[in-house]
Protein chains: 2
Amino acid sequence: MYTIGEISKMFNLPIPTLRYYDKEGLLLELERDKSGIRKFNNQNIETLRLIECLKKSGMQIKDIKEFIGWCSLGDKTISKRKEMFLKQKENIENQIKELEKALAMIEFKCWYYEEAEKDGNEKRVRTITPNELPKNIKKLYENAH
Amino acid sequence: MYTIGEISKMFNLPIPTLRYYDKEGLLLELERDKSGIRKFNNQNIETLRLIECLKKSGMQIKDIKEFIGWCSLGDKTISKRKEMFLKQKENIENQIKELEKALAMIEFKCWYYEEAEKDGNEKRVRTITPNELPKNIKKLYENAH
DNA sequence: TTAATACCTAAAGCTAACTTTATGTCAAGA
DNA sequence: TCTTGACATAAAGTTAGCTTTAGGTATTAA
């Protein structure tokens, strides 16, 4: 059993954030001692790990809460929960694709400014047409557009 | 030259959002006609493409604005701009790594609920120890932890 | 000439996800 | 006994990034 301070260090989350998650209904099974102090068990830690993962993948608190609610309704919500994870999987895959497109653009810009820095100005590099670009840079340019 | 309505459709951004970007100083070189109507040229469109990319990669408006400011200061800010893109490149690479970790966790959960759905309950799948997991699933589990 | 449409501004409003503040309880050490 | 530190609550405040509202101008179509 862990106190809120210990969990705060464990997950690198401020104590008020943990209390906020609790208030929002993300930690349904969280117990208290006789004087009202929160006691986190391994189950709660697993839940927090999942919350961490879902948040990192961009899911909103209210949707995480909905999922947590389903969990507490037992076996009859298994399909719903599976569907949610399948959707979230697609979601993350799309995010990764989008980031990879952005990365191509940024890498092109890195090259661009590398050249400009060598020249001391942007004159030459600014007027290069896509066809004159080095092969690898051309690829970046195309991926970004 | 394009009107704000045309640009709105082109980028799939609401008109007020474009006006907001302008107000925030993200579209420094934006011209107006005699009656004050915004006229977007190809340069502005390039800027919007970059804004789109930087936003997609999680950069804040105020930082994009700072960068736009550097651009208007000419050659003496070339190194600064290069550094910004190098930092942003790392940033995106980290985001992708984080998303891949989250993806492993989510894929594990997909498998978990697939099994639970077959069984009609979570009993069996819940009590499987990491070592008993199928090889490919074990990998997901480990990547996620 | 009027009505619709597309533009304009300033300012207020909104939402998510915290974060801060003010106030209070409780247990342990000096 | 008193103070310190870790916990608690409710409620107000914060921030980013829009979005909506209210009111006005200018051009075109009937």
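Throughout, protein chains are lettered first and strands after them, A, B, ... in sequence-line order, and every chain is numbered starting at 1. As the structure is a prediction and not an experimental result, all values here were calculated from the model.
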In whole Å, I'd like the distance from the CG atom of A/Leu54 to the C1' atom of C/dA17. 16 Å
At the 4.0 Å heavy-atom cut-off to chain A, mark where contacts on DNA chain D begin and end, going 5' to 3'. D/dC7 to D/dT9
Here the distance between atom P of C/dT15 and atom OH of A/Tyr20, to the nearest Å, is 14 Å
Length of the CG-P vector between A/Asp63 and C/dT15, whole Å: 16 Å
Rounded distance (Å) that lies between atom C1' of C/dT5 and atom NZ of B/Lys9: 11 Å
Any chance you could lay out the side chain to side chain contact (heavy atoms under 4.5 Å, CB included) test for B/Phe40 and B/Leu27, step after step, and finish with the verdict? CA-CA 9 Å; B/Phe40 292 75; B/Leu27 299 165; 4.2 Å; yes
Could A/Glu114 and A/Lys118 be called an ion pair, given the rule that one side-chain N must be under 4.0 Å from one carboxylate O? no
Heavy-atom nearest nucleotide on DNA chain C for A/Tyr21 versus A/Ser35: which residue maps closer to 5'? A/Tyr21
Quickly work out the A/Leu26 CG to C/dC18 P distance and round it to whole Å. 10 Å
For a quick test of reading the model: is some side-chain N or O of A/Thr17 closer than 4.0 Å to OP1 or OP2 of C/dT19? yes
Once you apply a heavy-atom cut-off of 4.0 Å, does B/Lys55 come out as touching a base, just sugar-phosphate, or nothing? sugar-phosphate
Residues, nucleotides or ligands: over 12 heavy atoms within 6.0 Å of A/Glu6 CD: yes
Between B/Arg19 and C/dC8, is there a side-chain N or O to OP1/OP2 distance below 4.0 Å? yes
Any donor-acceptor pair under 3.5 Å linking the side-chain atoms of A/Glu122 with those of A/Tyr112? yes
Want to settle it: does B/Lys23 or A/Glu6 sit nearer the 5' end of DNA chain D, counting the closest nucleotide to each? A/Glu6
Compile the donor-acceptor pairs under 3.5 Å between side chains in residues 54-62 of chain A and protein atoms, sequence neighbours left out, one pair per line.
unit_1: A/Lys56; atom_1: NZ; unit_2: B/Glu98; atom_2: OE1; d: 3.3
unit_1: A/Ser57; atom_1: OG; unit_2: A/Cys53; atom_2: O; d: 3.4
unit_1: A/Ser57; atom_1: OG; unit_2: A/Leu54; atom_2: O; d: 2.9
unit_1: A/Ser57; atom_1: OG; unit_2: A/Gln88; atom_2: NE2; d: 2.9

Residues A/Glu46, A/Arg49: salt bridge by 4.0 Å N-O rule: yes
Separation of atom CD1 in A/Ile15 from atom P in C/dC18, rounded to whole Å: 15 Å
Counting only side-chain N and O atoms of B/Thr3, is one of them less than 4.0 Å from OP1 or OP2 of C/dC7? yes
Charged N to carboxylate O below 4.0 Å: is that the case for A/Asp63 and A/Lys87? no
Rounded to whole Å, CD of A/Gln60 lies from P of C/dT15 at a distance of 12 Å
Find the distance B/Leu18:CG to C/dT9:P and express it as a whole number of Å. 13 Å
Give one of base, sugar-phosphate or nothing for A/Glu24, where a contact means two heavy atoms less than 4.0 Å apart. nothing
